Amino acid sequence: MTDVPFQPDRATERPRSQWAEVWAQFKTHRGALIGLAVFVALVLFVSVGPLVWTRSPTYINPNAAEMILSRNKPPSWQAPLGTDQLGRDMLARMMAGGQVSIAVGLVAMVISMVLGTLVGVLAGYFRRLDGPLMRLTDLFLALPLLPLLLVMVMLFRDPLARSLGPEGGTFLLIVTAIGVTSWMQAARIVRGEVLALKEREFVLAARSIGTPARRIILRHILPNIVSPIMVSATLGIASAIITESALSFLGLGFPPDFPTWGRLLFDGVEYIQQYPARVIWPGLAISLIVLSVNYIGDGLRDALDPRIRGR
Amino acid sequence: MPEAAAARRKLVEVRDLRMHFPIYAGLLRRRVGAVKAVDGVSFDIHEGETLGLVGESGCGKSTCGRALLRLYEPTSGSIRIDGREIATAGFDTLRTLRPIMQMVFQDPQASLNPRMTVGSIIGEPLDEHTRLSRREKQERIHELMDAVGLNRAFANRYPHEFSGGQRQSIGIARALALNPRFIVCDEPIAALDVSIQAQVVNLLEDLQARFGLTYLFISHDLSMVRHIADRVAVMDLGRIAELAPRDALYEAPLHPYSQALLSAVPEPDPNAETRRRRIILTGDVPSPANPPRGCNFSTRCPRVMPVCREVEPAFREVAPGHFTACHLHDPAISQTAGTAAAPEAKSTADTHVQQGA
């Protein structure tokens, strides 16, 4: 029936691990590789960096005269990125701020993707849930975000801070707040994809075999909606980092002396005329992390699609 | 053939199957009607035979096939496969019945998950219904690939790497995985080009001979149905117009709809082709949401009688094994109508138009 030459090596070959093939395809995507390198470099910078550069990011010289002299220093060997308006070391602040920003971005993105995918798949697959869940989505979209966040922070910051410590509590609160207010776009996109997919004949074929709904979703629906989820996720990281900085700026996020990239950016804006480096470094870091995650997502999306794989 | 068929056991019995899709409209999405895609269909399929189901597009062929396997929830009616009721079975009962009935789909591109390898597509029914070890499953997948003529070496490839005919073979292998007894072939060749169609049909015939399969072969390709089917059912707008052994139907169709449909088949012989008389239907196909009161075909029938617009014709046996739903062949009505239609069933349509007028 076929004209394809017989390949004995493939006949005896055990099924090759799918992840090996995904990695092989990922490697061919140059942008994704560069993105991965930049992402790893930034993660190493914020995680290993503080072990090498041990100066405290929140240290202010208690001696007022020395503190005033150490303010707004240009880059030097003592402070490679200079110091800020209170004489704190900018390199140490960048490292400490990066830890929080990257963690907030990733965790908030995961929360919002899980929520969005869950709601989208349930609404798209089960007709009975479609109406209620999509009205819920509309409701969340209609909520004014900042007042909602404000109320959430007001209500939950102190109890959480008491049980988890001020930083842990704030982190959990912010991540949850960003996660539960940013899943709606993903839910809508996923619902649309699922609606189209569940009428495809391979889903019908699975039903004719008697596959229960949960396994149809896991085996047939989810792998086929990876692309839109991946795109939403990479964009979600960026907006989570920005939202966190906006919250911090409004005094609703982390405490003012606690650095995050968004916080550094907002602090630097006041001095943008005199010390533009104060804005450029955190801005560059945010841009790089967002861009690298975008490229990684792009490469991963291609690598996970068998139709693109191998060309 | 009819004697042999009658002696065989009935594997599939469908009685008065109805599949209505509700129409919602208005601000409150109230139910305002229903598309009667399948509207009271009854037929049997004997073990080991192929029943062809033909009709123009939109007449409910595919819906009928899908409702048979409970891919849709039938509105009413009874479907018995191997003596067991399908139409009202609960999910768990149905799941245990799934292995005996399978389906081959129309579009081999759409019926295979693009993100699964051929091996895992063919193995999916095995995952669901058997507890084979990894090695046994691999062995069974290879057996199935051999059975449909696919190279075993391709088990780790993805569907997009195959031609249309090979993809359809993958779909057939998946349908065979659980040793089914009844397979609904929903236009399995419609999306393939002609040279591949023959391969797939021959494959289906070989498999039928080897495994004793029973097919419901849905198609609009009348020549292909003539080739593969033992009996043929002609469907028109949700109802069966005529059901007869293949040769009886193709030689002498009784229902005017079947006559019109068969007159559209081109003849390979150019001389015969120039002499072929097509019955061109005029009038509109009624909407399945709002079918006419009497016979569904009465709006287009060249031999329509007043009674056709009033009374729905009953589906009756007019010759052994030959069923039709037409007033022309209802002895009671054709007498009262004063036309001797039944004996002249084989004459051309035109004379009957004159007689009926």
Side-chain angles (χ1 to χ4, degrees), chain A residues 1-18 20-22 25 127 130-131 193 196-227 229 301-311, chain B residues 66 69-71 91-92 94-99 101-117 119-121 124-129 134 138 142 148-163 165-166 169 171 174-175 177-178 184 186 196 199 203:
Chain A
M1 146 136 227
T2 82
D3 320 4
V4 183
F6 184 68
Q7 293 161 303
D9 54 322
R10 275 188 95 138
T12 48
E13 189 183 324
R14 270 178 53 77
R16 202 174 159 202
S17 156
Q18 201 188 353
E21 285 188 24
V22 168
Q25 170 67 23
R127 180 173 280 191
D130 191 13
E193 291 279 325
L197 268 179
K198 77 168 179 178
E199 298 301 327
R200 293 277 296 276
E201 284 183 336
F202 63 80
V203 175
L204 217 56
R207 278 174 52 205
S208 79
I209 290 164
T211 312
R214 62 176 186 284
R215 281 208 286 276
I216 290 184
I217 289 173
L218 288 178
R219 197 181 289 155
H220 296 289
I221 305 270
L222 282 182
N224 281 293
I225 53 172
V226 164
S227 311
I229 294 178
R301 193 190 62 203
D302 288 359
L304 287 174
D305 190 339
R307 281 163 295 188
I308 296 173
R309 202 146 68 210
R311 353 197 123 142
Chain B
R66 288 176 179 192
L69 298 189
R70 271 284 291 275
L71 294 178
F91 183 84
D92 292 320
L94 199 58
R95 193 174 142 85
T96 60
L97 296 176
R98 287 291 185 197
M101 48 187 197
Q102 288 293 314
M103 186 151 187
V104 175
F105 290 89
Q106 171 173 6
D107 184 353
Q109 168 80 49
S111 66
L112 305 175
N113 186 341
R115 291 185 185 250
M116 284 166 76
T117 60
S120 51
I121 289 172
E124 192 188 356
L126 302 173
D127 289 337
E128 286 298 328
H129 289 282
R134 185 185 284 261
Q138 199 65 30
H142 284 162
V148 299
L150 284 169
N151 191 333
R152 289 182 174 211
F154 297 158
N156 294 332
R157 297 199 178 176
Y158 289 88
H160 71 271
E161 296 174 83
F162 292 87
S163 71
Q166 287 173 319
S169 301
R174 171 176 59 190
L178 295 169
V184 175
D186 184 4
I196 311 292
Q199 279 179 11
L203 173 65

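Here is the naming used below: chain letters follow the sequence lines, and residue numbers restart at 1 for every chain. Model, not experiment: these values are computed from the prediction.
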Can you see which heavy atom on B/E124 is nearest to which on A/A206, and at what distance? OE2-CB, 3.7 Å

Determine yes or no for a side-chain-to-main-chain donor-acceptor pair under 3.5 angstrom, with A/R207 supplying the side chain and B/R70 the backbone. no

Heavy-atom nearest pair, B/A110 first then A/R200, reads CB-NE, 4.1 Å

For the side chain of B/E128 and the backbone of A/I209, is there at least one donor-acceptor N/O pair under 3.5 Å apart? no

Side chain to side chain contact (heavy atoms under 4.5 Å, CB included) partner of A/F202, chosen from B/D107, B/N113, B/L112: B/N113

Indicate the atoms forming the closest heavy-atom contact of B/R115 with A/V226, along with that distance. NH1-CB, 4.5 Å

So, the part of B/R95 with a heavy atom under 4.5 Å from chain A: the answer is side chain

Which bit of B/L94 is near chain A, if near means a heavy-atom gap under 4.5 Å: side chain, backbone, both or neither? neither

If I measure from the heavy atoms of chain A, does B/F91 come under 4.5 Å with its side chain, its backbone, both, or neither? side chain

Within the structure provided, determine whether A/H220 and B/M116 are in side-chain contact (heavy-atom separation under 4.5 Å). yes

Between B/M101, B/H129, B/M103, the one whose heavy-atom pairs under 4.5 Å with chain A are most numerous: B/H129

Looking only at heavy atoms, what is the nearest atom pair of B/S111 and A/A205, with distance? O-CB, 4.4 Å

Distance col, row B/D186:CG vs A/E201:CD, nearest 0.5 angstrom, shows 7.0 Å

Decide yes or no for B/R66 and A/L204: does some side-chain heavy atom of the first lie under 4.5 Å from some side-chain heavy atom of the second? yes

Do A/R219 and B/S120 have side chains that approach each other closer than 4.5 Å (heavy atoms only, starting at C-beta)? no

